[in-house]
Protein chains: 2
Amino acid sequence: MSGHIKNNIRTLRFHANEMSQAELGAKIGVTRQTIAAIESGKYSPSLEAAFKISEIFGVNLTDVFEWQA
Amino acid sequence: MSGHIKNNIRTLRFHANEMSQAELGAKIGVTRQTIAAIESGKYSPSLEAAFKISEIFGVNLTDVFEWQA
DNA sequence: ACGATATGTTAATAAAACTTGACATAAAGT
DNA sequence: ACTTTATGTCAAGTTTTATTAACATATCGT
């Protein structure tokens with residue numbers, strides 16, 4: 001009923017030299033299936049995974065994940 | 001082995017007119033025990049819960065939760 | 001055409017987040 | 001002294017997130 005979370009992972013990956021889902025997963029310590037699920041909005045990541053992803057892309061967490069109330 | 005997450009909930013609650021854990025929990029839809037556990041660092045919240053908490057305090061998510069690599 | 005890489009998706013299982021209910025202590029108000 | 005409010009903590013249970021493995025299609029380079 002309340003808000004949901006949008007993400008820009010796909011865009012950020014392609015701007016980061018077309019990094020693959022598998023490569024991103026390896027960098028943060030999750031599987032490619034997990035990245036695929038997060039990217040497609042099947043579920044949202046843990047806070048820790050979210051921080052690691054934003055760290056890889058060198059941006060703020062809220063530039064990767066956006067809360068819409 | 002990698003980093004951990006620090007939070008400023010206690011401080012933010014006291015700055016927000018000494019809002020109780022129970023009140024914060026009610027506002028974001030979790031129990032007071034969950035707030036206590038998050039606040040004390042027993043575990044980190046879901047990304048959704050983290051967004052809701054920062055929304056209540058009117059600050060950015062990364063002002064509530066800080067990632068230390 | 002063939003082999004390699006990237007991604008989509010599903011099913012079964014494991015781990016983490018969260019709930020409920022309980023019992024405890026401490027501080028504040030009356 | 002008594003009641004109320006705030007918080008700490010624990011155990012058992014449910015829900016959500018993450019893992020692994022499998023099978024699928026599409027694209028790219030040779």
Side-chain angles (χ1 to χ4, degrees):
Chain A
M1 275 300 162
S2 49
H4 77 284
I5 295 168
K6 188 206 159 209
N7 79 81
N8 306 120
I9 298 178
R10 199 173 251 108
T11 306
L12 288 160
R13 279 199 300 114
F14 281 90
H15 287 175
N17 201 32
E18 310 214 342
M19 183 189 299
S20 69
Q21 293 180 336
E23 198 180 340
L24 177 56
K27 279 178 191 293
I28 73 160
V30 302
T31 62
R32 70 170 190 85
Q33 289 91 331
T34 298
I35 299 295
I38 293 167
E39 209 174 274
S40 71
K42 207 176 162 206
Y43 51 73
S44 1
S46 66
L47 186 55
E48 193 164 341
F51 269 117
K52 286 179 180 170
I53 291 171
S54 57
E55 192 179 31
I56 295 302
F57 294 125
V59 298
N60 196 283
L61 189 149
T62 52
D63 293 326
V64 185
F65 299 96
E66 289 166 24
W67 173 249
Q68 350 244 62
Chain B
M1 277 300 163
S2 50
H4 78 284
I5 294 168
K6 189 207 160 209
N7 78 82
N8 306 120
I9 298 177
R10 199 172 251 110
T11 308
L12 287 160
R13 278 198 301 115
F14 282 89
H15 287 175
N17 201 32
E18 310 214 341
M19 183 189 298
S20 70
Q21 293 180 337
E23 199 180 338
L24 177 56
K27 280 179 192 291
I28 73 159
V30 301
T31 63
R32 68 169 191 86
Q33 289 92 330
T34 297
I35 299 295
I38 293 168
E39 209 174 273
S40 71
K42 207 177 163 206
Y43 52 74
S44 4
S46 66
L47 186 55
E48 194 163 342
F51 268 117
K52 287 179 180 170
I53 290 171
S54 58
E55 192 179 31
I56 295 302
F57 293 125
V59 299
N60 195 282
L61 188 148
T62 53
D63 293 325
V64 185
F65 300 95
E66 290 166 23
W67 173 249
Q68 350 245 61

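Residue numbers begin at 1 in each chain, while the letters A, B, ... track the order of the sequences.
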- Message: Minimum heavy-atom separation for A:E39 and A:I9, please, with both atom names.
- Response: OE1-CG2, 3.4 Å
- Does any donor-acceptor pair link the side chain of A:Q33 with the base of D:dA21 at a separation under 3.5 Å? yes
- Query: What is the 5' to 3' range of DNA chain C, first to last nucleotide, that sits under 4.0 Å from any heavy atom of chain A?
  - Reply: C:dT7 to C:dT10
- For A:T34 and for B:R32, locate the closest nucleotide of DNA chain D by heavy-atom distance; then report the residue assigned to the nucleotide nearer the 5' terminus. B:R32
- Query: Does A:T34 reach the side chain of A:T31, with side-chain heavy atoms less than 4.5 Å apart?
  - Reply: yes
- Please list residues of residues 57-69 of chain B whose heavy atoms come under 4.0 Å from any atom in DNA chain D, ordered by number; otherwise none. none
- Message: So if I take residues 41-53 of chain A and measure heavy-atom distances to DNA chain D, which residues fall below 4.0 Å?
- Response: A:Y43, A:S44, A:P45, A:S46
- Task: Within residues 5-23 of chain B, find the residues that approach DNA chain D with a heavy atom at under 4.0 Å, and present them sorted by residue number.
- Result: B:R10, B:R13, B:S20, B:Q21
- Message: Over all strands shown, is B:G29 touching base, sugar-phosphate only, or nothing at heavy-atom distances under 4.0 angstrom?
- Response: sugar-phosphate
- Item | Test item: A:I53 and A:F65 side chains (from C-beta on) under 4.5 Å apart, heavy atoms | yes
- B:T11 side chain reached by B:F57 side chain, heavy atoms, under 4.5 Å: no
- Sub-4.5 Å side-chain heavy-atom contact between B:I56 and B:M19: yes
- Would you mind reporting whether B:T62 and A:F51 have side-chain heavy atoms less than 4.5 Å apart? yes
- Rounding to 0.5 Å, atoms OG (B:S44) and CD1 (B:I5) come to a distance of 4.0 Å
- Taking only residues two or more places apart in sequence, or in another chain, which ones meet B:E48 in a side chain to side chain donor-acceptor pair (under 3.5 Å)? none
- Item | For atom CD of A:E39 and atom C1' of D:dT17, their distance in whole Å | 17 Å
- Hey, could you give me each pair passing salt bridge (Lys or Arg N to Asp or Glu O under 4.0 Å) that has a residue in residues 23-32 of chain A? Not counting sequence neighbours. none
- All heavy atoms of A:N8 vs all of A:D63, minimum pair found to be OD1-O, 3.0 Å
- Taking every heavy atom of A:N7 against every heavy atom of A:I38, the minimum-distance pair comes out as ND2-O, 3.2 Å
- Task: For residues A:W67 and B:E55, report the shortest heavy-atom separation together with the two atoms involved.
- Result: NE1-OE1, 3.4 Å
- Query: Which atom pair, heavy atoms only, marks the closest approach of A:P45 to A:A49?
  - Reply: CB-CB, 3.9 Å
